[in-house]
Amino acid sequence: MKKIFTVLALVFSFNLGTMAADRTPQAIDTEATAQTRTMEKSLNFNEYEYIQIKKLNKQRLVDLYTAQAELTTDSSALASRLAQIEKTYDQSILKVLHTNVHTTYAQLRQTTNPAGTANGVL
């Protein structure tokens, strides 16, 4: 499990590096909106879930950018922090989603990387 998180963190680190120039609040909000809309297509959640998940996506992006900026010189600590952010994110999402879509969400997460961009799903 740790190896998976480490690999995902390294992939994510590369993705963040390419997006580092575009960290404005508006850009983060736009990315969170895009991620939420993509998730909604697969999970068919209601308006309340949409609003809550968009907030979680936005917070996740802020946390990921912050971790990447603060831990650029320590790849081990960065990998650990990214794994922690993803774990917290998944737990928060599952609290918001109706229980009948938990399995679908788990399958969706297996096809994406932490940056939420692999395979064009998230």
Side-chain angles (χ1 to χ4, degrees):
M1 189 68 138
K2 286 185 179 182
K3 288 181 183 179
I4 292 172
F5 280 124
T6 302
V7 170
L8 292 175
L10 291 175
V11 169
F12 180 69
S13 296
F14 176 74
N15 287 340
L16 272 182
T18 61
M19 297 185 305
D22 195 21
R23 293 185 189 175
T24 65
Q26 184 178 2
I28 291 173
D29 189 60
T30 300
E31 180 65 22
T33 299
Q35 288 179 4
T36 305
R37 287 180 180 163
T38 302
M39 290 173 71
E40 197 277 330
K41 289 178 186 175
S42 298
L43 301 174
N44 298 314
F45 38 77
N46 61 38
E47 185 176 354
Y48 170 78
E49 291 168 328
Y50 180 91
I51 292 168
Q52 297 304 311
I53 290 171
K54 182 179 175 189
K55 288 178 188 177
L56 292 171
N57 282 334
K58 188 173 180 178
Q59 185 60 51
R60 176 176 159 255
L61 288 171
V62 169
D63 291 347
L64 292 172
Y65 285 137
T66 301
Q68 196 270 337
E70 292 174 354
L71 301 170
T72 55
T73 59
D74 189 351
S75 61
S76 174
L78 177 61
S80 176
R81 179 70 180 124
L82 294 178
Q84 178 186 8
I85 291 167
E86 292 301 319
K87 182 179 178 181
T88 301
Y89 171 77
D90 284 337
Q91 291 170 344
S92 298
I93 290 287
L94 291 175
K95 289 177 185 176
V96 172
L97 290 174
H98 192 275
T99 56
N100 64 352
V101 294
H102 284 193
T103 302
T104 306
Y105 175 74
Q107 292 169 347
L108 184 64
R109 286 293 281 173
Q110 288 177 356
T111 62
T112 61
N113 70 27
T117 58
N119 302 330
V121 178
L122 281 179

*Asks:* Quick check: do Asn57 and Met39 have side-chain heavy atoms less than 4.5 Å from each other?
*Replies:* yes

*Asks:* Report yes if the side chains of Ile53 and Leu43 come closer than 4.5 Å at any heavy-atom pair, otherwise no.
*Replies:* no

*Asks:* The criterion is side chain to side chain donor-acceptor pair (under 3.5 Å); which residues satisfy it with His102, sequence neighbours excluded?
*Replies:* none

*Asks:* Does the Ser80 side chain pair with the main chain of Ser76, one donor and one acceptor, at a distance under 3.5 Å?
*Replies:* no

*Asks:* Can you give me the closest heavy-atom contact between Ser42 and Thr104, atom names plus distance?
*Replies:* O-CG2, 3.9 Å

*Asks:* My understanding is that only residues two or more places apart in sequence, or in another chain, count here; which of them pass side chain to side chain contact (heavy atoms under 4.5 Å, CB included) with Gln91?
*Replies:* Lys87

*Asks:* State, yes or no, whether a side-chain contact exists between Thr72 and Gln68 at a heavy-atom distance under 4.5 Å.
*Replies:* yes

*Asks:* Side chains of Lys58 and Gln35, heavy atoms from C-beta outward: is any pair under 4.5 Å?
*Replies:* no

*Asks:* Drop me the distance from Ile28's CD1 to Leu64's CG, to the nearest 0.5 angstrom.
*Replies:* 10.0 Å

*Asks:* Measure the shortest side-chain to side-chain distance between Gln59 and Tyr89 over non-hydrogen atoms and say whether it is less than 4.5 angstrom.
*Replies:* no

*Asks:* Enumerate the salt bridge (charged side-chain N to carboxylate O under 4.0 Å, His left out) contacts for residues 45-56, please, sequence neighbours excluded, ordered by first and then second residue.
*Replies:* Asp29-Lys54

*Asks:* How would you list all residue pairs meeting salt bridge (charged side-chain N to carboxylate O under 4.0 Å, His left out) that involve residues 63-79, not counting sequence neighbours?
*Replies:* none

*Asks:* Heavy-atom distance under 4.5 Å between the side chains of Phe45 and Val101, does that happen here?
*Replies:* no

*Asks:* Enumerate the salt bridge (charged side-chain N to carboxylate O under 4.0 Å, His left out) contacts for residues 97-108, please, sequence neighbours excluded, ordered by first and then second residue.
*Replies:* none

*Asks:* Listed by chain and number, what are the side chain to side chain contact (heavy atoms under 4.5 Å, CB included) partners of Leu71, not counting sequence neighbours?
*Replies:* Ala77, Leu78, Arg81

*Asks:* Give, for atom CD of Glu86 and atom CG of Leu82, the distance between the pair rounded to the nearest 0.5 Å.
*Replies:* 7.5 Å

*Asks:* Identify the two heavy atoms, one from Leu61 and one from Ala32, that lie closest to each other, and give their separation to 0.1 Å.
*Replies:* CD1-N, 3.7 Å

